[in-house]
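Step one of this worksheet: look at the structure below.
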Amino acid sequence: MKRGGSSVCSRDKGRGRESGWVLLLLLLLCLSLVGLQLLLSSNQILPIPLSLPFSFHQRRTSNNTSCHLGAFGDKMVSMLPPDLPFTLFLPSPSSFQKILRLDPATSLAPDTATLNNTLAILSRVLAFSAVPQLLPARGLPVRMPISVDAVSGLKLLAWRDLDGTVVVNGIRSECANIRKGELIVHVIAGVLMDPEFEQSFFPDYEEDT
């Protein structure tokens, strides 16, 4: 009788220990869930782009009216409706001159042929550079490119660098978040274009001089 009684007692003790472990695990799980809920409610978990201190607020080239668009930049901006949400990745004044070979002193002259040629170039560049949606610098993820389509259908990859600079297709901005009506203008140190249009400015020279 003693043996039977001792075996029943040991089984009861084993079940008691198992129940204790289950209760302990459930308690730890509940504490973890409560801690996670408190952490979320205190807003300590935020998307990385919004929590970076060097993002939008320190780099206030955004509403900087001193940023120079140049004669060609002003002309391109005037080609877009000011009351519609567009983002324009506008070439800098030096990019118009060095890459597109446009001279503000002569390319906008009232001579019909010269002016028509300039406007044709600006229209093509506008189609590659204008995106029919608002893309402020603060809304771009940090070093995580997002794909957007320009008016021409050209695929653009845009993101924000660690110092707050807007980058599109590898071209960095010189000035960002300039507001022109409903437009957002990012002045970039280069020109967005497709390979066909690029070929007209950088032809391959097959013959050696």
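Residue numbers run from 1 in the order of the sequence given. In this text, all values refer to a predicted model and were calculated from it rather than measured experimentally.
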- Query: Backbone N or O of Ala137 within a donor-acceptor pair of the Arg160 side chain at under 3.5 Å?
  - Reply: yes
- Pairwise distance CG(Asn117) to OG(Ser107) - rounded to 0.5 angstrom: 8.0 Å
- Task: Check each of Ile99, Val191, Ile121 against Phe201 using the side chain to side chain contact (heavy atoms under 4.5 Å, CB included) test, and report the only one that passes.
- Result: Ile121
- Item | Listed partners of Leu69 passing side chain to side chain contact (heavy atoms under 4.5 Å, CB included), at least two apart | Asp74, Val77, Leu90, Ile178, Lys180, Val185, Val187
- Message: Taking Phe89 as the starting point, is it possible to reach Val151 by hopping between hydrophobic residues whose side chains are less than 4.5 Å apart?
- Response: yes
- What pair of heavy atoms forms the shortest contact from Leu102 to Pro104, and how long is it? O-CD, 3.8 Å
- Heavy-atom side-chain contact between Thr87 and Leu183 under 4.5 Å: no
- Write down the atom of Ala189, the atom of Glu174, and the distance for their closest heavy-atom approach. CB-OE2, 3.4 Å
- Message: Please determine whether salt bridge (charged side-chain N to carboxylate O under 4.0 Å, His left out) holds for the pair Arg172 and Asp163, giving the CA-CA distance in whole Å, both sets of side-chain angles, and the decisive distance to 0.1 Å.
- Response: CA-CA 11 Å; Arg172 297 175 63 84; Asp163 60 356; 3.1 Å; yes
- Query: Side-chain contact, heavy-atom cut-off 4.5 Å: Thr118 with Leu122?
  - Reply: yes
- Quick one: are Val166 and Leu140 in side-chain contact, heavy atoms under 4.5 Å? yes
- Item | Polar side-chain atom of Asp111 near backbone of Thr114 as donor-acceptor pair, under 3.5 Å | yes
- How long is the gap from CG on Asp149 to OG on Ser147, to the nearest 0.5 Å? 6.0 Å
- Message: How close do Phe96 and Gly73 get, counting heavy atoms only, and between which atoms?
- Response: CE1-N, 3.9 Å
- Task: Find out whether Phe72 and Leu108 are in side-chain contact, i.e. whether some heavy atom of one side chain is under 4.5 Å from a heavy atom of the other.
- Result: yes
- Task: Measure the CG-CG distance between Leu119 and Leu126 for me, rounded to the nearest 0.5 Å.
- Result: 11.5 Å
- Do Ile171 and Leu192 touch side chain to side chain, with heavy atoms closer than 4.5 Å? yes
- Note on the structure: d(Ser92 OG, His68 NE2) to nearest 0.5 Å is 10.5 Å
- Are Val167 and Leu154 connected in a single hydrophobic cluster, I mean Ile/Leu/Val/Met/Phe/Trp/Tyr linked by side-chain heavy atoms less than 4.5 Å apart? no
- Message: Any heavy-atom pair between the side chains of Val142 and Trp159 that's under 4.5 Å?
- Response: no
- For residues Ser95 and Gly190, report the shortest heavy-atom separation together with the two atoms involved. OG-N, 3.1 Å
- Task: With rounding to the nearest 0.5 Å, note down the distance linking CZ in Arg124 to OG in Ser200.
- Result: 7.0 Å
- Message: Using a 3.5 Å distance criterion without hydrogens, assess whether the side chain of Asn116 forms a donor-acceptor pair with backbone atoms of Thr112.
- Response: yes
- Query: Are any of the side-chain heavy atoms of Glu182 and Pro82 separated by less than 4.5 Å?
  - Reply: no
- Item | Heavy-atom check, side chain of Phe86 versus side chain of Ile184, under 4.5 Å | no
